[in-house]
There are 2 protein chains.
Amino acid sequence: MSCIKTLKEKGLKLTPQRRLIVDAIHDIDTNLTAEEIITHVQARMPEVHKSTIYRTLELLEKYGCVFKSEVGERSVYHHVDERHHHHHLVCSSCGKTIECDEDFFTNLEKSLAEKYGFNVDFKHIVMSGLCEKCKNKNK
Amino acid sequence: MSCIKTLKEKGLKLTPQRRLIVDAIHDIDTNLTAEEIITHVQARMPEVHKSTIYRTLELLEKYGCVFKSEVGERSVYHHVDERHHHHHLVCSSCGKTIECDEDFFTNLEKSLAEKYGFNVDFKHIVMSGLCEKCKNKNK
DNA sequence: ATCGGTATTGCACCTGGTCGCAATTATACT
DNA sequence: AGTATAATTGCGACCAGGTGCAATACCGAT
């Protein structure tokens, strides 16, 4: 429930709509499409407009409560786990998500910074590809 | 002009619209947004519908003539250079694109496959972040 | 408890991109 | 050159997501 606290600390208003959105992110999976959030929220409070939801999600991202990432065309939101950061590997065939440790990326991050002076923002990247099952399926 | 050859080889029709789209990809930058392509094509042939352009781009991607990648919300197309693959680092602040060698990613690719059995599809990833200049600007 | 100001909402509209469909056209065959 | 036919086009409708604006509601001060 730290999301609520974060909003309060920033002097933002705690509207019923926002509570519902925060609830959705906590209650359901950690891997939510915008559409799933909209459905969940509107099931309880049908008037809530999608733009309100997108705006709230944007806010929560801005204040570090959720991560937004693009998988294929759609946006997917991950509730931020304060204990440890991790990256996500999403299978483009079955949709399965694997959390992987951020250590894997630190080397790459470092060498790209050294060679090109470029600072990749890995927090906002979700890698897509094929998981083990789907890879073998296609053979 | 190998794109044209590729289309012919696949038994696809060579329409004036398609010629224009292929021209655009060759003539202009290697780093084109869909919108830039649409503008370029419609400047010469105004009736060409955006859906035709998107469909052709999809085809060209399918047959390996271009790479499509998502930067922020928009789609960006890169003309494929047959000589060597490389990855793209796009600065989210100034839009500058850096081509980087694929060797940087092979280690990461390998270790993710070993640890998680996951095969990241790096061909379709464009990393965003901050280039040297923009990073220093914000300080 | 109520009041005022600012944050937030819902709405209507916009944008990039996709899709089904009927009309058109590039090509292969005669 | 003329024709058959399957691929392709343009169109309009649609989708997810975003924006400006007027109306509303949260919350701190009274």
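Letters go in sequence order (proteins before strands), and every chain restarts at 1. It should be emphasised that the depicted structure is a prediction, and the values quoted were computed from it without experimental measurement.
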Note to self: For A113(A) versus N119(A), what's the shortest heavy-atom pair and its separation?
What the structure shows: CB-ND2, 4.3 Å
Next item on the list: Quick one: closest heavy-atom pair of S75(B) and K68(B), and the distance?
Entry: OG-CE, 3.5 Å
Would you kindly give the [atom1]-to-[atom2] distance between [X] and [N], to the nearest whole Å?
X      : N       : atom1 : atom2 : answer
L57(A) : dT9(C)  : CG    : C1'   : 16 Å
R18(B) : dT24(C) : CZ    : P     : 19 Å
K62(B) : dA7(D)  : NZ    : C1'   : 13 Å
L20(A) : dT9(C)  : CG    : C1'   : 14 Å
K10(B) : dT27(C) : NZ    : P     : 17 Å
E58(B) : dG17(C) : CD    : C1'   : 11 Å
L7(B)  : dT9(D)  : CG    : P     : 10 Å
Y54(A) : dA12(C) : OH    : P     : 18 Å

Margin query: Which is more 5' along DNA chain C, the nucleotide nearest L12(A) or the one nearest K8(B)? Just name the residue.
Written below: L12(A)
Please tabulate, for the side chains in residues 14-21 of chain A, all donor-acceptor contacts under 3.5 angstrom to protein atoms that are two or more places apart in sequence or on a different chain.
from: T15(A); atom 1: OG1; to: R18(A); atom 2: N; distance (Å): 3.2
from: R18(A); atom 1: NH1; to: K13(A); atom 2: O; distance (Å): 2.9

Notebook entry, point to check: For the atom pair CG (L59(B)) and SG (C3(B)), what is the distance rounded to the nearest 0.5 Å?
Noted result: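 Result: 11.5 Å between the selected atoms.
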Item checked: Distance, nearest 0.5 Å, that separates CZ of F118(B) from CG of L89(A) ->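 Between atom CZ of F118(B) and atom CG of L89(A) there are 5.0 Å.
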Sort me out a list of protein N/O and nucleotides 10-14 of chain D N/O pairs below 3.5 Å, or just none if empty.
from: dG10(D); atom 1: OP1; to: Q17(B); atom 2: NE2; distance (Å): 3.2
from: dG10(D); atom 1: OP2; to: H49(B); atom 2: N; distance (Å): 3.2
from: dG10(D); atom 1: OP2; to: T52(B); atom 2: OG1; distance (Å): 2.8
from: dG10(D); atom 1: N7; to: R55(B); atom 2: NH2; distance (Å): 3.0
from: dG10(D); atom 1: O6; to: R55(B); atom 2: NH1; distance (Å): 3.4
from: dG10(D); atom 1: O6; to: R55(B); atom 2: NH2; distance (Å): 3.1
from: dC11(D); atom 1: N4; to: S51(B); atom 2: OG; distance (Å): 3.1

Next item on the list: Keeping the roles fixed (side chain from Q42(B), backbone from T39(B)), state whether a donor-acceptor pair exists under 3.5 Å.
Entry: no
Next item on the list: Check for a donor-acceptor pair, side chain of T52(A) on one end and backbone N or O of V48(A) on the other, with a separation under 3.5 Å.
Entry: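 Answer holds: no.
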Note to self: Need one value for P46(B): base, sugar-phosphate or nothing, where a base atom within 4.0 Å counts as base even if backbone is also close, heavy atoms only.
What the structure shows: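 The residue P46(B) makes no contact with any strand.
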Item checked: Distance below 4.0 Å between K68(A) side-chain N/O and dG18(D) OP1 or OP2 -> yes
What protein N or O atoms touch nucleotides 1-6 of chain D N or O atoms at under 3.5 angstrom, if any, and at what distances?
from: dA6(D); atom 1: N3; to: K13(B); atom 2: NZ; distance (Å): 3.2

Notebook entry, point to check: Do the non-hydrogen side-chain atoms of V66(B) and I25(B) ever get within less than 4.5 Å of each other?
Noted result: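 Touching, per the 4.5 Å side-chain cut-off.
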Checklist line | Heavy-atom side-chain proximity of T33(B) to Y77(B) below 4.5 angstrom | finding: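 Heavy-atom side-chain distance check fails, nothing below 4.5 Å.
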